[in-house]
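Atom set for the values below is all heavy atoms of this structure, side chains included, hydrogens, waters and symmetry mates excluded.
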Amino acid sequence: MAPITPVGYWGAVTSSMDWCEENYEWTPYIAEFFNSWSSLAMIVLGECCARMNPTGNQAFTLLGRSITVVGIGSWLFHATLKYSMQMTDELPMLWSISIACYIAVTTQYDINRAWFKRWLVLWTVFVTVLTAGFSGKVQFVLFQGSFNGLSLVMAYLCWRGKKELEEAQMSHVAKLFWAGIKLYASAAIVWLTDTNLCTYINGQEESVLPFNMQLHAWWHVLASLGLVYLVVLLMGHYCLVKNVPFKLRYIMGVFPYIHSY
């Protein structure tokens with residue numbers, strides 16, 4: 001974990017995690033400078049997803065806005081390293097993955113939407129209370145287990161959407177799946193390295209590097225971009241199922257978006 005540093009404006013650390021970036025290194029008002037400002041990637045890309053929505057399904061707008069809320073919460077968490085602000089980061093992550101799950105399941109399966117929505121809301125409330133009700137390593141494990149469990153479900157649902165897009169001769173849209181997975185996998189490797197090998201990469205005495213690579217900040221950027229690819233994939237698949245004509249475009253060859261015509 002990060003080396004012990006003087007207490008800044010927000011006081012002692014109360015969050016269950018203190019990341020590899022040295023605290024209050026750049027300003028006494030922001031605990032983790034790079035981790036805070038890199039959260040803007042989620043805010044910007046979340047708003048882009050909300051505003052591009054060509055599907056007519058407001059759940060996609062809600063999904064984009066929930067990603068924006070995650071970004072705001074992430075900024076507050078890393079700026080203060082307070083447990084209450086940590087919850088503004090982690091709880092919206094659970095909510096956003098639940099919204100994505102609702103969209104994917106109701107698009108791909110013929111189920112009772114009202115029943116599924118009630119079940120998903122109850123599950124989300126349960127894991128929210130469970131996550132917020134504990135602290136320390138127990139809280140960390142509960143959150144990671146809940147979020148990553150649904151993430152695996154979403155990976156499978158996105159893969160199913162990819163297959164249907166390929167069958168519809170829309171391989172140019174289907175390839176968003178592997179692009180998003182590669183970005184997210186890269187982000188996960190970066191996150192694990194930052195979390196478990198901090199002592200060797202933080203630029204301090206035992207480090208093999210002369211500087212801190214700020215890998216958690218890169219996790220924010222890579223994960224946000226990977227999420228955009230997968231959200232656009234879900235939008236494209238929804239348009240296919242609902243017979244909404246659309247086109248896939250890229251901004252600067254990197255940022256995908258779709259629009260109906």
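Annotation: side chain of V232 is in contact with side chain of L248 (closest heavy-atom distance under 4.5 Å). Contact of the M154 side chain with the L234 side chain is registered, since non-hydrogen atoms from C-beta on lie closer than 4.5 Å. A 4.5 Å side-chain heavy-atom check between I258 and R249 finds every atom pair outside the cut-off. Residues W159 and L233 are not in side-chain contact: their nearest non-hydrogen atoms beyond the backbone lie 4.5 Å or more apart. Counting heavy atoms from C-beta outward, L45 and F255 have side chains that approach closer than 4.5 Å. In this structure the side chain of S15 reaches within 4.5 angstrom of the side chain of F77, judged on heavy atoms. V70 is listed as a side-chain neighbour of M42, based on a closest heavy-atom distance under 4.5 Å. Side-chain contact between V127 and W123 is present, with at least one heavy-atom pair separated by less than 4.5 Å.
Closest non-hydrogen pair, G236 versus V173, comes out as CA-CG1, 4.4 Å. Heavy atoms only, all atoms of each residue included: M17 and Q86 are closest at N-OE1, 4.3 Å. Nearest heavy-atom pair, G180 versus Y229, reported as atom, atom and distance to 0.1 Å: CA-CB, 3.7 Å. Of all the heavy atoms in L230 and F177, the pair that sits closest is CD2-O, 3.9 Å. In this structure, A223 and A187 approach most closely via the heavy-atom pair N-CB, 3.6 Å.
Under a hydrophobic-cluster definition in which Ile, Leu, Val, Met, Phe, Trp and Tyr are linked whenever side-chain heavy atoms come within less than 4.5 Å, directly or via other members, Y156 and L150 are assigned to the same cluster. Under a hydrophobic clustering in which Ile, Leu, Val, Met, Phe, Trp and Tyr are joined whenever their side-chain heavy atoms come within less than 4.5 Å, directly or via other members, V228 and W178 fall into the same cluster. No chain of hydrophobic side-chain contacts below 4.5 Å, direct or via other Ile, Leu, Val, Met, Phe, Trp or Tyr residues, connects Y102 to V241.
Here the side chain of T55 pairs no donor or acceptor atom with the backbone of M235 at under 3.5 angstrom. Of the possible polar contacts, one joining the S36 side chain to the A79 backbone as a donor-acceptor pair under 3.5 Å is found. Of the possible polar contacts, none joining the T195 side chain to the L192 backbone as a donor-acceptor pair under 3.5 Å is found. No donor-acceptor pair under 3.5 Å is formed between the side chain of T124 and the backbone N or O of W95. Q108 places no side-chain N or O within 3.5 Å of a backbone atom of R160 that could act as its donor or acceptor partner. Judged by distance alone, with hydrogens and angles left aside, the side-chain atoms of S74 form no donor-acceptor pair with the main-chain N or O of G71 at under 3.5 Å. At distances below 3.5 Å, at least one donor-acceptor pair connects side-chain atoms of Y83 with backbone N or O atoms of A132. Using a distance-only test at 3.5 Å, with no hydrogens or angles considered, a donor-acceptor pair links the side chain of H220 to the main chain of N35. Judged by distance alone, with hydrogens and angles left aside, the side-chain atoms of T106 form a donor-acceptor pair with the main-chain N or O of I103 at under 3.5 Å. A distance-only check finds no donor-acceptor pair linking the side chain of N23 to the backbone of G8 [under 3.5 Å].
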Set out, in order, the CA-CA distance, both residues' side-chain angles and the distance that settles side-chain contact (heavy atoms from CB on, under 4.5 Å) for V190 and L222, then state yes or no.
CA-CA 9 Å; V190 163; L222 292 171; 4.2 Å; yes

Checking side-chain contact (heavy atoms from CB on, under 4.5 Å) for the pair W75/W37: CA distance, chi angles, key distance, verdict?
CA-CA 7 Å; W75 201 99; W37 286 108; 3.7 Å; yes

E166 and K162: CA distance, side-chain angles, deciding distance, salt bridge (charged side-chain N to carboxylate O under 4.0 Å, His left out) verdict:
CA-CA 6 Å; E166 288 174 338; K162 175 192 80 78; 3.0 Å; yes

Just do the side-chain contact (heavy atoms from CB on, under 4.5 Å) check on K247 and H259 with the steps written out, would you?
CA-CA 6 Å; K247 289 184 178 180; H259 64 89; 3.8 Å; yes

Go through the steps to decide whether W218 and S186 satisfy the test side-chain hydrogen bond (donor to acceptor under 3.5 Å, both in side chains), and finish with yes or no.
CA-CA 10 Å; W218 283 108; S186 299; over 6 Å; no

Applying side-chain hydrogen bond (donor to acceptor under 3.5 Å, both in side chains), run through H237 and E164 and close with a yes or a no.
CA-CA 8 Å; H237 180 250; E164 291 188 19; 2.8 Å; yes

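Between the NE2 atom of H216 and the OG1 atom of T193 there is a distance of 13.0 Å, given to the nearest 0.5 Å. The CD atom of E206 sits 13.0 Å away from the CD1 atom of I201 when rounded to the nearest 0.5 Å. Taken from SG in C20 to CG in N196, the straight-line distance is 10.5 Å, to the nearest 0.5 Å. Rounded to the nearest 0.5 angstrom, F147 CZ and M93 CE are separated by 3.5 Å. Here the OG atom belonging to S260 is positioned 9.0 Å from the CG atom belonging to N53, to the nearest 0.5 angstrom.
Ring geometry, W26 versus F33: the interplanar angle falls from 30° to 60°, so the pair is classed tilted. Note: W19 and H78 have tilted aromatic rings, judged against thresholds of 30 and 60 degrees for the angle between ring planes. Between Y29 and Y9, the ring-plane angle classifies as tilted under the 30° and 60° cut-offs. Taking the six-membered ring for Trp and thresholds of 30 and 60 degrees, F116 and W119 have nearly parallel ring planes, at less than 30 degrees apart.
Grouped with V125 in one hydrophobic cluster are V121, V129, the linkage being side-chain heavy-atom contacts under 4.5 Å among Ile, Leu, Val, Met, Phe, Trp and Tyr residues.
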